[in-house]
Amino acid sequence: MNIFTKLKEDIEDLLKSEIKKGTFEAIEEDLLSRFSVEPPRDASFGDMSTNVCLVLASRFHKKPFEMAEILMEKLKAFPDIESVEKAGAGFLNMRMKPQFWAKQLEEILKEGSAYGESFIGNNEKVNIEFTSANPTGPLHVGHARGAIFGDCLSSLLQKVGYDVTREYYINDAGAQVAKLAKSTYLRYLEALGEKIDEIPEGLYPGEYLKDVGALIVQEDGEKWKNASEEEYLPYFKKKTIHEMMRLIKTDLELAGIKFDVFSSEKKIAESGQVDKVMKILTDKGLVYEGELPPPKGLKSDEDWEPHKMTIFKSTEFGDEVDRPLKRADGSYTYFTPDIGYQLNKYERGFKKLIMVLGADHAGYVARMKAAVKAVTEGKASIDFELGQMINFSENGVPMKMSKRAGTLVWFRDLLNDVGKDVTRFYMMTRKNDSQLEFDLVKVKEQSKDNPVFYVQYAHARAASVRKKAENFFNTKADEFIKDADLSLLGEEEIALVKRLATWPRQVEMAASVYEPHRLSYFLYDVASDFHSLWNLGRTDETKRFIDEGNVDLTKARIALVLGMMNVIASGLQIFGVTPAEEM
RNA sequence: GCGCUUGUAGCUCAGCUGGAUAGAGUGUCGCCCUCCGAAGGCGAAGGUCGUGAGUUCGAAUCUCGCCAAGCGCACCA
């Protein structure tokens, strides 16, 4: 439960009843919710703060401080509120009673790592498409960010009550696939002992295709040796795609990512989806035959020959220029099947679509938004989350990556080197759309400037305290904290409870802006509070979590420790990171 | 030339979708272990929030101009 939302609702109810009593003038109902209840910037102001008087006083034809006077008295009567103060230009700052915080801790303990879940998503279906790397080889580090971000965003939206489908689009149709299959064929011949020259320009030279070639030899022997391209191509396409997807799925598994749906471009196209798109757009009068102007970035010395093609009037839906659906030779551009795919999602019941892409696909956004609007009559919306690139370095030395130079690092190499948990958490320490520095050496450092470590360390340390307490009480912690008297907790300890109690709000806020990275900062703060508390016990033995001379206080403190572990676990769960029991 | 993203402490970055005195880490300086995990804690110093205007009770946050960086701008996906 989000305690801020709860208090806001209570204040709204209060306003309504005071309007009834005639304290305030009647105003439109929807205005009554246009204020906020938030934690104050400075904790010394109180626990919760509202701008309700600033926002609404003028509507009631009152001055903010006048309205504040009136509300103060009413709020003081709330059972959980200890005191109310006016501040600034008309803020109301409230302090909650200690029992209130004790109740929050009880709830955290009851809910475990489920704490922070909510229903604001209302079980709405959301389709999140991410990764969707072409099945031409294993995932490389360039896919890492999108894959992890997409997965974490999915978990985050699930946490707040959306019905999330993680989806991967397999580009298994088109010219690239034929090139891929031809490359495999060369490797097949090679595996049969034939001498092949260098893989020709335009084909795929990747080593991993050798395995596919060898596999086909193993299964089919010389069956395809003298086959014509026409004969071998369909099988080699299918086989190679299948094997490449196996590699990709292995990589994903290593990263802790599990997709719900893999959609095949080929299958969707074969179902007539592309023709359907043409028909819908044509029927709406959004298609014409014509020529497009030369691209804006064209340098004057480059050639540009206009062709007559079939074009979608995407400018009617906010795009910069109209986009071609069919080339001059009548074949479809990549764009048309893609529209068909988005329509397919809509037909499967998704009205909320999210696509996670690299920033280099930014040009794709406007046209696809336009297309989705057109083809679903505005009933579905598609949001794009563009991830900026990662600059990889090793001890400060930038790593150059290129396929040609063969220095490209595979995603699996990254995962094996740095570890799944560290990689995932570290990706969540930056906003998706800002550039990320990823130093393969620094992310493994075990110090507090590494948030991954710092948060895990707090959890491991807490686990160690729990273990020690369990030895002391000779029972499981869950048992002996049952009769803990949480009112015994001191001010510093309550401060941590207060932070933990804002967790549901943090999750909701992060979810509402699709920014899971915010949670990493919150977890860092929780860890920091915990480490501080710990250190109080260094100089003052009575402040240790386990005070053998004070059994009751020890129980209450261990309850707090477990509560903190729950919140860290709840957050790490969203990130797909396993909380460390020891390090 | 146009579009998108970004610009906050020396460095790396947060900043709660317009709120109160702009925050962390790192680096620099000072302090705290006869051990519940010092892999940590406490404190000092450090900012004209790129820049110029505008919107209003109130702007790092919204609008516009300018400057700078990254990415993109074909019938390639």
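Chain naming here is simple, since letters A, B, ... match the order of the sequence lines and numbering starts at 1 in each. Values below: all heavy atoms of this structure, side chains included; hydrogens, waters and symmetry mates excluded.
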**OP:** Using a heavy-atom cut-off of under 4.0 Å over every strand shown, decide if A/F91 touches base, sugar-phosphate, or nothing.
**Re:** base
**OP:** With C1' as the reference atom in both, quote the distance from B/G27 to B/C36 in angstrom, rounded to an integer.
**Re:** 32 Å
Subject >> Residue-phosphate contact under 4.0 Å: A/T310 side-chain N/O, B/C75 OP1/OP2 >> reply: no
**OP:** Rounded to whole angstrom, note down the C1' distance from B/G10 over to B/C29.
**Re:** 15 Å
Subject >> Interatomic distance, A/L92 CG vs B/G19 P [rounded to whole Å] >> reply: 17 Å
Subject >> Separation between the C1' atoms of B/U28 and B/U51, rounded to whole Å >> reply: 30 Å
Original post:
To the side chain of A/P324, which of B/C35, B/C75, B/G37 is closest?
Top reply: B/C75
Subject >> Parallel, tilted or perpendicular: rings of A/Y426 and A/F438 (30°, 60°) >> reply: perpendicular
**OP:** Could you state the atom-to-atom distance from CZ of A/F472 to P of B/C36 in whole Å?
**Re:** 15 Å
Subject >> Identity of whatever pairs with B/G52 - Watson-Crick or G-U, under 3.5 angstrom >> reply: B/C64
Original post:
So what does A/E548 hit on the nucleic acid, given a heavy-atom distance under 4.0 Å: a base, only sugar-phosphate, or nothing?
Top reply: nothing
Original post:
Expressed in angstrom and rounded to an integer, what is the separation of A/E38 atom CD from B/G19 atom P?
Top reply: 7 Å
**OP:** Could you check whether A/S331 gets within reach of a base, just the sugar-phosphate, or nothing at all, counting any heavy atom under 4.0 Å?
**Re:** nothing
Subject >> Cation-aromatic face contact A/K369/A/F317, 6.0 Å, 45 degrees >> reply: no
Original post:
Across the strands shown, which category fits A/H361 at heavy-atom distances under 4.0 angstrom: base, sugar-phosphate, nothing?
Top reply: base
Original post:
With sugar-phosphate meaning primed atoms plus P, OP1 and OP2, does A/S464 contact a base, only sugar-phosphate, or nothing at under 4.0 Å between heavy atoms?
Top reply: base
Original post:
Using a cut-off of less than 4.0 Å, is there contact between a side-chain N or O of A/R518 and OP1 or OP2 of B/G15?
Top reply: yes
Original post:
Distance between the P atoms of B/C66 and B/C4, in whole angstroms?
Top reply: 13 Å
**OP:** Rounded to the nearest angstrom, tell me the gap between atom CZ in A/R59 and atom P in B/C57.
**Re:** 12 Å
Original post:
NA contact type, A/Q388, heavy-atom cut-off 4.0 Å: base, sugar-phosphate, or nothing?
Top reply: base
Subject >> Length of the line joining A/N2:CG and B/U17:C1', which is rounded to integer Å >> reply: 15 Å
**OP:** Report which part of the nucleic acid A/L536 touches: base, sugar-phosphate, or nothing (heavy-atom distance under 4.0 Å, all strands).
**Re:** nothing
**OP:** Rounded off to whole Å, could you give me the CZ-to-P distance for the A/F425 and B/G25 pair?
**Re:** 15 Å
Original post:
Taking the same atom, P, in B/G65 and in B/U5, what whole-Å distance lies between them?
Top reply: 14 Å
**OP:** Please tell me which of A/Q506 and A/E265 maps to the more 5' nucleotide of RNA chain B, matching each residue to the nucleotide holding its nearest heavy atom.
**Re:** A/Q506
**OP:** Quick one: label A/R367 by what it contacts on the DNA or RNA (base, sugar-phosphate, nothing), any heavy atom closer than 4.0 Å.
**Re:** base
Original post:
Which part of the nucleic acid, if any, lies within reach of A/K326 when heavy atoms closer than 4.0 Å are counted: base, sugar-phosphate only, or nothing?
Top reply: nothing
Subject >> Whole-angstrom distance between B/C67 and B/G52, as gauged at atom C1' >> reply: 11 Å
Original post:
Taking for each residue the nucleotide of RNA chain B with the nearest heavy atom, is it A/R544 or A/N535 whose nucleotide lies nearer the 5' end?
Top reply: A/R544
**OP:** Would you mind classifying the nucleic acid contact of A/H531 as base, sugar-phosphate or nothing, using non-hydrogen atoms under 4.0 angstrom?
**Re:** sugar-phosphate
Original post:
When you check the gap from the basic side-chain N to the acidic O, do A/E437 and A/R430 get nearer than 4.0 Å?
Top reply: no
Subject >> Nearest-angstrom distance from the residue atom NZ of A/K431 to P of B/U61 >> reply: 13 Å
Original post:
When rounded to the nearest Å, what value does the distance between P atoms of B/G41 and B/G25 take?
Top reply: 8 Å
Subject >> Distance-only donor-acceptor test (3.5 Å): side chain A/Y334, base B/A77 >> reply: yes
**OP:** Kindly indicate whether a cation-pi arrangement holds for A/R505 with A/F4, taking the cut-offs as under 6.0 Å to the six-membered ring centre and within 45° of the axis.
**Re:** yes
Original post:
Can you name the closest pair of heavy atoms from A/F575 and A/R424 and give their distance?
Top reply: O-NE, 2.7 Å
Subject >> Span that lies between the C1' atom of B/G18 and that of B/G58, in whole angstrom >> reply: 8 Å
Original post:
Salt bridge check: are A/K543 and A/E492 linked by an N-O gap of less than 4.0 Å?
Top reply: yes
**OP:** Look at all strands and tell whether A/A359 reaches a base, only sugar-phosphate, or nothing, counting heavy atoms closer than 4.0 Å.
**Re:** sugar-phosphate
**OP:** Measure distances between side-chain N and O atoms of A/S532 and base N and O atoms of B/G41, and say whether any donor-acceptor pair falls under 3.5 Å.
**Re:** no
**OP:** Using only side-chain N and O atoms of A/R327, determine if any of them is under 4.0 Å from OP1 or OP2 of B/A74.
**Re:** no
Subject >> Closest to the A/V513 side chain, choosing from B/G15, B/C71, B/U17 >> reply: B/U17
Subject >> Minimum-distance nucleotide (side-chain atoms of A/M583 versus B/G37, B/U6, B/C2) >> reply: B/G37
Original post:
A/R505 near the nucleic acid: base, sugar-phosphate alone, or nothing, with a heavy-atom cut-off under 4.0 Å?
Top reply: base
Original post:
Which one, B/G37, B/U6, B/C36, comes nearest to the side chain of A/I546?
Top reply: B/C36
Original post:
Any side-chain heavy atom of A/M67 sitting closer than 4.5 Å to one from A/L56?
Top reply: yes
Subject >> Side chains of A/E129 and A/V356 in contact at under 4.5 Å (non-hydrogen atoms) >> reply: no
Original post:
Using a cut-off of 4.0 Å on non-hydrogen atoms, how would the nucleic acid contact of A/Y524 be classed: base, sugar-phosphate, or nothing?
Top reply: sugar-phosphate
Subject >> A/F65 CZ to B/C57 C1', straight-line distance once rounded to whole Å >> reply: 14 Å
Original post:
Is the aromatic ring of A/W534 within stacking range of B/C36, meaning centres under 5.5 angstrom and planes under 30 degrees?
Top reply: yes
Original post:
Any donor-acceptor pair under 3.5 Å linking the side chain of A/S570 with the backbone of A/G116?
Top reply: no
Original post:
With a non-hydrogen cut-off below 4.0 angstrom, is A/N93 in contact with a base, only sugar-phosphate, or nothing?
Top reply: base
Original post:
Which of these nucleotides, B/G40, B/G15, B/G72, is closest to any side-chain atom of A/F453?
Top reply: B/G40
**OP:** Taking only the side-chain heavy atoms of A/T539 (C-beta and beyond), determine which of B/C36, B/G19, B/C32 contains the nearest atom.
**Re:** B/C32
